[in-house]
Amino acid sequence: MDPEASQTARESLELTFHMSNILETGLDRHTVSVLIALCDLGLNPEALAAVVKELRREPFSSFPMPETPSSAS
Amino acid sequence: MEEEHRVTDLIKELVLRLLSQNPQNPSSSIDTQKSLRYAIRILSSLMTPSIAPDSAAIAESIKRQLATQGKSSQALAFADLYTKFASKNGPGSIENKWAVLYLLKVISEDRKNQKSRSDSRVSSGFSASVGLPALFDAESGGYSGVSRNRETLEKGWNNGVLLVSKDPENIREIAVREFANLVKEENEVSEEVLVRDVLYACQGIDGKYVKFDKSVDGYLLRDSIKVPRATRITVQKLCELGWLFRKVKGYISESMDRFPAEDVGTVGQAFCAALQDELSHYYKLLAVLEAQSMNPIPLVSEMANSGNYLSLRRLSVWFAEPMVKMRLMAVLVDKCRVLRGGAMAGAIHLHAQHGDPLVHEFMRQLLCRVCSPLFEMVRSWVLEGELEDIFAEFFVLGQPVKAESLWREGYRLHAGMLPSFISQSLAQRILRTGKSINFLRVCCEDRGWADAATEAAAAAGTTTRRGGLGYGETDALESLVIEAAKRIDKHLLDVMYKQYKFKEHCLAIKRYLLLGQGDFVQYLMDIVGPELSEPANTISSFKLAGLLESAIRSSNAQYDDRDILDRLRVKMMPHGTGDRGWDVFSLEYDARVPLNTVFTESVMARYLRIFNFLWKLRRVEHALIGAWKTMKPNCITSNSFIKLQSAVKLQLLSTLRRCQVLWDEMNHFVSNLQYYIMFEVLEVSWSNFSNEMEAAKDLDDLLAAHDKYLNSIVEKSLLGERSQNLYKTLFVLFDLILRFRSHVDRLYEGIHELQSRTMESLSPSRDKTRSRRLLNDKTAEPGAWISDGRKALTQRAGEFLRNMGQDLDAIAKEYSSLLEGFISQLPVQQHIDLKFLLFRLDFTEFYCQLHPNM
């Protein structure tokens, strides 16, 4: 990556991190960067959000494994 | 493949990070594996996003969400960041920006839900706080809400109140569509058209469907148009504003039309102007509403933002305040249709006594405008004496009168036009101030009041120019009026006292008309007396005037002011036949402008009456004194007694003695009465009047004091109405005394004649020749007369004396009975205190003892 691109990337990450702070998502910089990368690769952001939510939940193992619902419209 | 690996790696990374963030669970590898598998399953299930990839829209919705949560500064910051974020293009930047934004949004919402959910986990059922945010999110998030809720439902919590069913979205849409169809069916006319029509109606214009119905006297939707009843009623309620508007506008245009015919006064015009101002505010509001009514009203199914559209319900909210104001104006218009001027201002003022601050403020502004012409009129009246009142709206009415009645009748208060915020005493003061200025200007020809007026204005803090005062400043007005009144009254009294010498003239009237100047009166009586004994129609007033002049010259009155003496004149009252000069003679004093405000015709008539009484009293006194001159013992009368027979002498002596006694009684009565009148009545009243003159603050006070002075004189000298009996008795007494005087004159004349005859007969040696010659001339028998002269003389004398004696007895009896009657009536008088008179007349209680029934 050329320095300009890396700069852009860095700045984008910064901006995204700030935005996420405003929205009080509680994500740290590294997580944000991973999420950005995953989004860019075309993954569904709703799914990613669901993952984040599930994995962040406190009493983790008390819930049964969910059924996978049919695909969203 | 590489990409997949990459993806897997990233996912693993994510999981690890998330788990490590979770403080409570120690990250075991089994857990990690489980989580990883779980994550992959989730990711593979939801492959396609359910929203449109529009990053701007998402950013917008995030912003709005932040704003509605009250974090407006953060919303701004977010907007800022987003702009920078969006501008980042090219290599190294994020391609799916929308995805990132959406991700952040969803994560933050989930976190909020998590937080609130953990708070409310204890409450049973679904709480509104849990429900509503979801609903809200559904609304603002728009498309995403449906799928998300579906997901959260599965976790065992009912988030949304609305969306309960498994397949909610379709049913919901169907229901909404059905509703829209129903609405379209029911309403022949769409709501927007109705709103526009209502807006027209509120300006008094008939719309397409809403027209003014004369039979009902209101704006109505035609019955033929099919609208649901609720809409019809709402339209009707809103159109009340239109009806009120029509009424107010109608009044304004009517007044404007009537104005040239001079029926509407300045106050009415001010009222119309104020109303028009209010209506212009109203028009502004209507213009804004009309602009808004151009926006289409969204149906229920559509996204209803709080945009600027106008529905009937919104209209009713907007119209709440204008309705109140318009109602007020319509009530005022009804009240004031028949009123004008000060009455209108008073009626509006009564309405302004209201507790609601909105109403109060509105009325106050209206009244400021309406009362400004009135206050202007008051100001110019009080400071300049000008009554500029073409439309008869002011509460001071003037009428053209002669200069001498200017004060008493020239101006008066018109109670109908007096507004209720000006009290009666203030109005009196206003009237008096303006009246004083006019009086000064017209009657006294004085210009100094203008300075007094400017001083007053300066003292009260306003100016003498227009527009200094307004409604609500009644205190300021009052202070201005009080200051002006104080100064102008003082100025007026100064002018009256110094320039026109009011006090001196009063004193002159007292001295001449009330016979205060004793020496002058004495001389006058002496000179004029013989003249006045003639019948009235033979007396010439010129001669009397000449006699008056000589009387003035020979007394101390000659040193008096020439101006005063000029005004003193003789007046002959209208007389009938048989009147003597005594009955018609009087003096008069010519008080010119401005003093004849005080000394009016009626006042001078009263003075005349008192003068007559006093003159009569003086005349009686004069007569008695004249009698004394003849009666006092002298050698002429005493000498004759020597030569007469003893019987005759006795008779003579007794007659004379009786005469003396009677004279003494009469003199006692008359002089005491005279002293009573002089000191108890005239002087006392005069000193009271002097004190009051010093203390008088304005001309009204002065007039009142003078009236009181005259009244007290009239009452105390028994001239009042309730003392009629006493007065009549008194006059009969006076007549009797005058008769007595003439008797005395005759008696003494007789005695003198007798005495001279006796002297002649007794002293023939003295003037023998002369008397003989006389006798010779008179009779043929000189000797015979002398011889039986003595006998005849004695006889004649005896007869004469007997007659006289009888007459005197009669007079004496009559006199004493009259006097007894008079004195007995004195204590009965309730309204005046005559005890001093009684005391003087009867201080030895002679009469009381004589007539024990008294």
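Reminder, nothing fancy here: chain letters follow the sequence lines and each chain counts from 1. Note that the structure is predicted; figures quoted are calculated from it, not measured.
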(request) Quick one: do B:Leu101 and A:Met19 satisfy side-chain contact (heavy atoms from CB on, under 4.5 Å)? Show the steps, please. (result) CA-CA 9 Å; B:Leu101 286 174; A:Met19 285 197 280; 3.9 Å; yes

(message) If you apply the rule side-chain contact (heavy atoms from CB on, under 4.5 Å), what do you find for B:Lys84 with A:Glu11, and how did you get there?
(response) CA-CA 9 Å; B:Lys84 286 192 209 143; A:Glu11 282 165 10; over 6 Å; no

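The choice from A:Leu13, A:Leu41, A:Leu15 that makes the most heavy-atom pairs within less than 4.5 Å of chain B is A:Leu15. Most heavy-atom pairs under 4.5 Å with chain B, from the set A:Asp40, A:Leu38, A:Leu35, A:Thr16: that is A:Asp40. No other option in A:Val32, A:Asp28, A:Leu48, A:Leu27 has as many heavy-atom pairs under 4.5 Å with chain B as A:Asp28.
Residues B:Trp98 and A:Pro45 have side chains in contact (heavy-atom distance under 4.5 Å, counting atoms from C-beta outward).
Between the CD atom in A:Glu24 and the NZ atom in B:Lys112 there is a gap of 6.5 Å [rounded to 0.5 Å]. Going from atom NE2 of A:His30 over to atom CG of B:Leu16 covers 9.5 Å, rounded to the nearest 0.5 Å. Here the straight-line distance linking atom CD1 of A:Ile22 with atom CD1 of B:Ile62 works out to 10.0 Å at 0.5 Å rounding. Rounding to the nearest 0.5 Å gives a distance of 8.5 Å between CG of A:Leu23 and CD of B:Gln74. Here A:Ile36 contributes atom CD1 and B:Leu103 contributes atom CG; the two are 9.0 Å apart, rounded to the nearest 0.5 Å.
Between A:Thr25 and B:Leu104, the shortest heavy-atom contact is CG2-O, 3.5 Å. The minimum heavy-atom distance between A:Ala49 and B:Asp110, with the atom names listed, is O-OD2, 4.2 Å.
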